[in-house]
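First up is the structure itself, then whatever we jot down about it.
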Amino acid sequence: MATRKETAAFIRKQLGDELRFSVKPMFGEFALYADGKPVAFICDDQLFVKILPESAALEGRCEHAPAYPGSKDYYLVPEDMITGDRKLPAMLLRMAEVLPAPKQRKRKG
């Protein structure tokens with residue numbers, strides 16, 4: 001089941017700062033970026049946050065689940081945390097600080 005564009009837009013809006021957060025389509029689903037770095041996926045209309053030391057605050061509050069068949073586990077963030085946890089955006093930005101920049105694709109031609 002592919003994620004609806006409305007769901008991706010809703011999650012992005014809940015995070016606030018449009019200059020620091022963005023979503024990009026990816027194989028019928030979406031990647032969530034903080035400061036240009038992928039920190040989560042939006043799959044099957046649900047938010048999956050990477051499991052990192054910087055996201056440890058989600059441990060015990062979110063279940064672990066694969067974002068898509070064959071993927072490693074992520075934190076599956078429930079909707080009430082997306083809409084009500086004001087610490088979530090700051091945590092995602094902290095994650096972006098430690099993640100490497102995405103590799104630049106070589107242009108063909």
Side-chain angles (χ1 to χ4, degrees):
M1 175 178 146
T3 296
R4 295 172 295 152
K5 290 180 184 180
E6 297 82 16
T7 300
F10 172 79
I11 291 171
R12 216 282 330 124
K13 184 177 179 183
Q14 294 303 307
L15 296 173
D17 196 336
E18 291 182 30
L19 298 176
R20 300 193 73 186
F21 292 104
S22 62
V23 292
K24 295 181 182 176
M26 181 188 75
F27 307 112
E29 305 295 354
F30 292 84
L32 173 67
Y33 290 80
D35 289 338
K37 297 177 182 177
V39 294
F41 294 108
I42 304 169
C43 301
D44 293 332
D45 289 323
Q46 299 177 89
L47 178 62
F48 293 86
V49 173
K50 290 184 177 187
I51 297 175
L52 298 173
E54 292 73 19
S55 62
L58 298 177
E59 189 65 42
R61 298 175 64 200
C62 298
E63 65 180 84
H64 292 202
Y68 49 89
S71 82
K72 62 183 180 178
D73 278 351
Y74 292 80
Y75 290 119
L76 175 55
V77 181
E79 184 175 351
D80 65 320
M81 284 183 70
I82 296 168
T83 59
D85 188 342
R86 292 292 83 202
K87 295 178 183 178
L88 184 61
M91 182 196 67
L92 295 171
L93 291 170
R94 278 194 309 277
M95 291 171 61
E97 290 174 6
V98 301
L99 289 169
K103 293 179 183 177
Q104 296 296 321
R105 295 185 200 176
K106 292 182 181 180
R107 293 183 181 229
K108 293 181 182 179

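As a basis for the values below, the full set of heavy atoms in this structure was taken, side chains included, without hydrogen atoms, waters or symmetry mates.
Residues F10 and Q14 are in side-chain contact: their nearest non-hydrogen atoms beyond the backbone lie under 4.5 Å apart. Between E18 and R12 the shortest side-chain heavy-atom distance falls below 4.5 Å. Side-chain contact between I42 and V23: present, with at least one pair of heavy atoms (C-beta onward) separated by less than 4.5 Å.
L93 CG to F21 CZ: the interatomic distance, rounded to the nearest 0.5 Å, is 3.5 Å. Atoms CE and CG, from M81 and L88 in turn, are 6.5 Å apart once rounded to the nearest 0.5 Å. Expressed to the nearest 0.5 Å, how far CG of L32 lies from CE of M26 amounts to 11.0 Å. Going from atom OG of S22 over to atom CG of L15 covers 10.5 Å, rounded to the nearest 0.5 Å.
A distance-only check finds no donor-acceptor pair linking the side chain of K50 to the backbone of S55 [under 3.5 Å]. Judged by distance alone, with hydrogens and angles left aside, the side-chain atoms of T7 form no donor-acceptor pair with the main-chain N or O of T3 at under 3.5 Å. A donor-acceptor pair under 3.5 Å links the side-chain atoms of D45 to the main chain of R4, judged by distance alone.
The minimum heavy-atom distance between D44 and E29, with the atom names listed, is N-OE1, 3.1 Å. Contact between V49 and M91 at its shortest, heavy atoms only, is CG1-CE, 4.3 Å. Considering every non-hydrogen atom in both F48 and P66, the closest pair reads CE2-O, 3.4 Å. Between G28 and A2 the shortest heavy-atom distance is O-CB, 3.3 Å.
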Please set out all donor-acceptor pairs under 3.5 angstrom arising from side-chain atoms of residues 57-64, sequence neighbours excluded.
from : atom 1 : to  : atom 2 : distance (Å)
E59  : OE1    : H64 : NE2    : 3.0
E59  : OE1    : Y75 : OH     : 2.8
E59  : OE2    : H64 : NE2    : 3.3
R61  : NH1    : D85 : OD2    : 3.3
R61  : NH2    : D85 : OD2    : 3.0

